[in-house]
Amino acid sequence: MRRHIGIAAATAAVLGLLGGTALAAEPYKIAHVYGKTGPFEAYAKQSHVGLMMGLEYATGGSMEVNGRKIEVIEKDTQLKPDIGKTLLAEAFGDDDATLAVGPVSSGVALAMLPVAQEYQKLLLVEPAVADSITGSAWNRYVFRTGRNSSQDAISNAVALGDAGNCVATLAQDYAFGRDGVAAFKEALGKTKAKLVFEEYAPTDTADFTAPAQRLFDALEKADGCKRKVIWVVWAGKGNPLGKLKALSPEAKGVELASGGNILAAMAAYKELPGMEGATYYYYEIPKNPVNDWLVSEHQKRFSAPPDFFTAGGMAAGIAVVEALKKAPSGETEALIAAMEGMEFMTPKGTMKFRKEDHQALQSMYHFRIKVDPAVAWGIPELVRELKIEDMDIPVRNKK
């Protein structure tokens, strides 16, 4: 009898050990919930490539951390807020994802935020931009590696806010555009430039003749202007810069300006030599080992340099791995404790999650467009790096 008891105990111990090993070997599931189809398809593709390269870089190529594999689950929001909500709930409820990354659209992100709170799991927002994501709509389960509207606005205000400048804005009529202009207006108010007019257009606008005329009229009526500038805030297809340029703004004494964009969109910048603005990323600007690796590996694999949203996706992937190193359990509260105040290296250099609103503080880049006939886009040549300490990014969550 004692022999049978001993065998049973030994067997139980072995099974317990095997069970523990199996448990320890369970993968961390990362849900990438983003708009793979629709007008932001190019952004989404770059974001996913960057996320995978970030996970690869941060794990030394093993795609595992703490002895556990990282499994990435892709879900397509189709840029529809209701679908985004459903898919995030599915990722947390059915797939038992450790955390989620995404989405591309600010409108979709705003719909997804309450789902993270309901399931008490983390949503790492990348690359949606609207200030309200880490502002009025924020909850403690939301972090963001992507830049926010205020970071865009303050850096562009530095570029355009000289004394005597008069600025009118053209933006898309949804959260990204309206939050962007609101933050820009606030930032420009701290300079000696004037915001004289705001124009909002539907995201699918193709004919910009009427909006352009209203912008030109407003700038014509503005008095005492050293320079007259239209600042464009636009995402996705139909970027109006080229169409505005075709309406000969220079004949009216008007300049065009915009922030950074993907390389395909910056083809229009070739017609705007000397244009100034600020950007989140351009592959030739940051000088650090992470960006060196990204540029080199991306060129090898895709015969092209990494683009605007590739860098953001990589930052998100690195942040995920660094957080899991600090919180091996993958439990939400442990991850929050690990990520609040966490500093990590990205293709842009150091990012830091601010404890108050979980926004990643980061550098932005004031640029001036240079044209090279051998390059298919206008080159954003660095004027000045605006570092974390150079920008007073407001905390807008009031929580």
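Counting from 1, the numbers follow the sequence of the chain as shown.
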Look at the side chain of Glu64 and the backbone N and O of Lys69, then say whether any donor-acceptor pair between them is shorter than 3.5 Å. no

Could you go step by step and tell me if Ser150 and Arg396 meet the side-chain contact (heavy atoms from CB on, under 4.5 Å) rule? CA-CA 10 Å; Ser150 290; Arg396 302 188 187 277; 2.9 Å; yes

Does the plane of the ring in Trp138 sit parallel, tilted or perpendicular to the ring in His358? Use 30° and 60° as the thresholds. perpendicular

Between Phe308 and Tyr280, how do the two ring planes meet: parallel, tilted or perpendicular, split at 30° and 60°? tilted

Go through the steps for Val167 and Phe197 under the test side-chain contact (heavy atoms from CB on, under 4.5 Å), then give the verdict. CA-CA 7 Å; Val167 184; Phe197 187 73; over 6 Å; no

Flag if over 12 foreign heavy atoms under 6.0 Å of NZ, Lys85: no

Are Met53 and Tyr43 co-members of a hydrophobic cluster defined by side-chain heavy atoms under 4.5 Å apart? yes

Side-chain donor-acceptor pair present, Tyr281, Asn291, cut-off under 3.5 Å: yes

Please say yes or no: joined through hydrophobic side-chain contacts below 4.5 Å, possibly via intermediate residues, are Tyr119 and Ile133 part of one cluster? yes

Parallel, tilted or perpendicular, judged at 30° and 60°: which one describes the rings of His298 and Phe302? tilted

Spell out, yes or no, whether Trp234 and Val108 are grouped together once hydrophobic residues are joined by side-chain heavy atoms under 4.5 Å, including indirect joins. no

Over 60° means perpendicular and under 30° means parallel, so tell me whether Trp377 and Tyr282 are parallel, tilted or perpendicular. perpendicular

Qualifying residue, where the test is side chain to side chain contact (heavy atoms under 4.5 Å, CB included) with Asp179 and the options are Ser136, Ser106, Ser149: Ser149

Taking 4.0 angstrom as the limit, do Asp95 and Lys75 come out as a salt bridge? yes

Can you pull out every disulfide (SG to SG under 2.5 Å) where at least one residue sits in residues 182-252? Sequence neighbours excluded, please. Cys166-Cys225

Among Glu385, Arg384, Glu276, exactly one meets side chain to side chain donor-acceptor pair (under 3.5 Å) together with His366. Which residue is that? Glu276

Aromatic ring centroids of Phe353 and Phe344 under 6.0 Å? yes

Taking atom types as modelled, find out whether Gln120 and Glu333 have a side-chain donor-acceptor pair closer than 3.5 angstrom. no

